[in-house]
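Have a look at the structure below, then the notes.
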Amino acid sequence: MPSRSSAVLSDAFKSHPVHLHHKHPDFSSLQELPDSYAWSQPDDHPPSGGPIFASESVPVIDLDDPNALKLIGHACKTWGVFQVTNHGIPTDLLDHIESAGRTLFSLPVHQKLKAARSPDGVSGYGVARISSFFPKLMCDVIEAYQTEVKRLAGRLMWLMLGSLGISKADIKWAGPKGNFKGASAALQINSYPACPDPDRAMGLAAHTDSTLLTILYQNSTSGLQVLREGTGWVTVPPVRGALVVNVGDLLHILSNGLYPSVLHRAVVNRTRHRLSIAYLYGPPSSVQISPLPRLVGPGQPPLYRPITWSEYLGTKAKHFNKALSSVRVFSPVNGLADVTDHNTVKVN
Ligand SMILES: C=C1C[C@]23C[C@H]1CC[C@H]2[C@@]12CCC[C@@](C)(C(=O)O1)[C@H]2[C@@H]3C(=O)O
Ligand SMILES: O=C(O)CCC(=O)C(=O)O
Ligand SMILES: [Fe+2]
């Protein structure tokens, strides 16, 4: 979004521009998966959806539930992801932003390319890392959505931190009113066209978000999967009106590893187009984030060094899924893999 915060955030990519040599095919007319889209790691990609009858599923939490705080704390510790209902964002605003996204993606390719994201930019049309050049009507919807989702993000922050015993006095950068006024954020609209060969393709590769938290709206077509230890990839089913919340790397750092960021990916569907809208939420871009003093002590040394969001995005751009372990202070002495290290994911 053309906002001050994303202009500052984009500084993070100046030294790691992404040069994509992709042509943008017209997906609406493709009968076969182009070779350039065939996924090279079939082992890591069991047929779309993972186990059909997963014994456990991602928690769905009603924010009006008096036990919401406890339920959120438990979900953050054990899953790193949960869905929320009664979150205050009206369903018709969700419907509007979805149709605004569809309108954008259904523009002819040449028109979308006029808003192509530059190699070191945060916003624009492209293959993952979006926005701008919207017709006025669409901007209104996006602004309305950003206002609401920003408020929800602040509320979720206090619920997530509150369940760790953290109060407003502990987070100075939340501002005098504790409403995270200076927070930075990016809104990413993802479009996953129907794919003739979904088991050989990938919508969005496995990653963790470099955020404090991410709030994701997904339309009625499933595709989001989270990696659950001992189970494998678990589909997060779309629940009408609900939003998915996941823990990002910066909350992982802030909580000194108590709330692990969750590895997730998006798979594609043979017949249905899928759309998702991610609100990637973080602290003011130059605030140092480090394990909260309240969560460290003699038996619990700080596991991560202080780092700003801007610096972390640069680290992510360089090390991808190893970024988090690259800011870890104590490497395990016995050489065992760090449980938080997603090093089973190969970086192409
Ligand atoms: C504020 C952010 C967070 C970004 C970069 C920048 C704008 C776009 C975000 C995403 C969204 C898609 C996955 C990801 C991994 C990607 O490629 O672009 C995210 C990345 C991150 O979480 O690191
Ligand atoms: O489309 C999805 O479900 C996932 C999107 C995502 O992970 C992201 O934008 O960071
Ligand atoms: Fe993500």
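We're numbering straight along the sequence, starting at 1. Please read these numbers as outputs of a predicted model, since none were measured by experiment. Atoms within each ligand, like the ligands themselves, are counted from 1 in listed order.
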* Heavy-atom contact under 4.0 Å between T211 and ligand 1? -> no
* **atom 6 (C) of ligand 2 - nearest protein heavy atom and its distance** => L204 CD2, 3.5 Å
* To do: Measure from atom 7 (O) of ligand 2 to every heavy atom in H264, Q218, Q225, Q188 and give the option owning the shortest one.
  => H264
* Asked: If you measure from each heavy atom of R265 to ligand 2, is any distance below 4.0 Å?
  -> no
* Structure fact -> Short version for L216: what comes under 4.0 Å of ligand 2, heavy atoms counted, is side chain
* **Non-hydrogen atoms of Y312 and D249 that approach each other most closely** => OH-OD2, 2.7 Å
* Asked: Without hydrogens or angle criteria, can the side chains of R102 and H273 be said to hold a donor-acceptor pair below 3.5 Å?
  -> yes
* Heavy-atom donor-acceptor pair, W173 side chain to Q288 backbone, under 3.5 Å -> no
* Structure fact -> Under 4.0 Å from one or more heavy atoms of L280, ligand 1 contributes atoms 9 (C), 11 (C)
* Can you sort out which atoms of ligand 2 are near Y192, meaning under 4.0 Å from one of its heavy atoms? => 1 (O), 2 (C), 4 (C), 5 (C)
* How long is the gap from CD on Q146 to CD1 on I277, to the nearest 0.5 Å? -> 10.5 Å
* To do: Have a look at ligand 1 and work out which part of Y281, if any, has a heavy atom under 4.0 Å from it: side chain, backbone, both or neither.
  => neither
* Which one of T208, L313, N190, L187 has a non-hydrogen atom at the shortest distance from atom 3 (C) of ligand 1? -> L313
* Is it the case that R272 and S220 place a side-chain donor and acceptor less than 3.5 Å from each other? -> yes
* Structure fact -> On a heavy-atom basis, the closest approach of E148 and L93 is CG-CD2, 3.7 Å
* Structure fact -> re atom 9 (O) of ligand 2, the protein heavy-atom contact at minimum distance is N190 ND2, 3.0 Å
* To do: For the pair W158 and F180, name the ring-plane relationship: parallel under 30°, tilted 30 to 60°, perpendicular over 60°.
  => tilted
* Would you kindly say whether T221 and N269 are connected by a side-chain donor-acceptor distance under 3.5 Å? => no
* Structure fact -> The atoms of ligand 2 lying under 4.0 Å from a heavy atom of R274, numbered in the order shown, are 1 (O), 2 (C), 3 (O)
* Under 4.0 Å from any heavy atom of H207, which atoms of ligand 1 are there? -> 13 (C), 15 (C)
* Note: K316-D209 ion pair, threshold 4.0 Å (strictly below) -> no
* Would you mind running through ligand 1 and noting each atom that sits below 4.0 Å from a heavy atom of S210? => 21 (C), 22 (O), 23 (O)
* In terms of side-chain heavy atoms, does H252 have a donor or acceptor partner in Y304 at a distance below 3.5 Å? -> yes
* For L161 and I171, which heavy atoms make the closest approach, and how far apart are they? -> CD1-CD1, 3.9 Å
* Sub-4.0 Å heavy-atom approach of D209 to ligand 2 -> yes
* **Atoms of ligand 1, numbered as shown, that sit under 4.0 Å from any heavy atom of D209** => 22 (O)
* Atom CD1 in I307, atom CZ in R305: separation rounded to 0.5 Å? -> 4.5 Å
* Structure fact -> Note, the Fe ion (ligand 3) has protein N, O or S atoms under 2.8 Å numbering 3
* Going by distance alone, is a donor N or O of one side chain under 3.5 Å from an acceptor N or O of the other, for K77 and S163? -> no
* Heavy-atom closest contact (P260 atom, C76 atom, distance) -> CD-O, 3.5 Å
* At a 4.0 Å threshold, what atoms of ligand 1 neighbour a non-hydrogen atom of Q188? -> 8 (C), 11 (C), 12 (C)
* Asked: Which bit of V244 gets closer than 4.0 Å to ligand 2, counting heavy atoms only: side chain, backbone, both or neither?
  -> neither
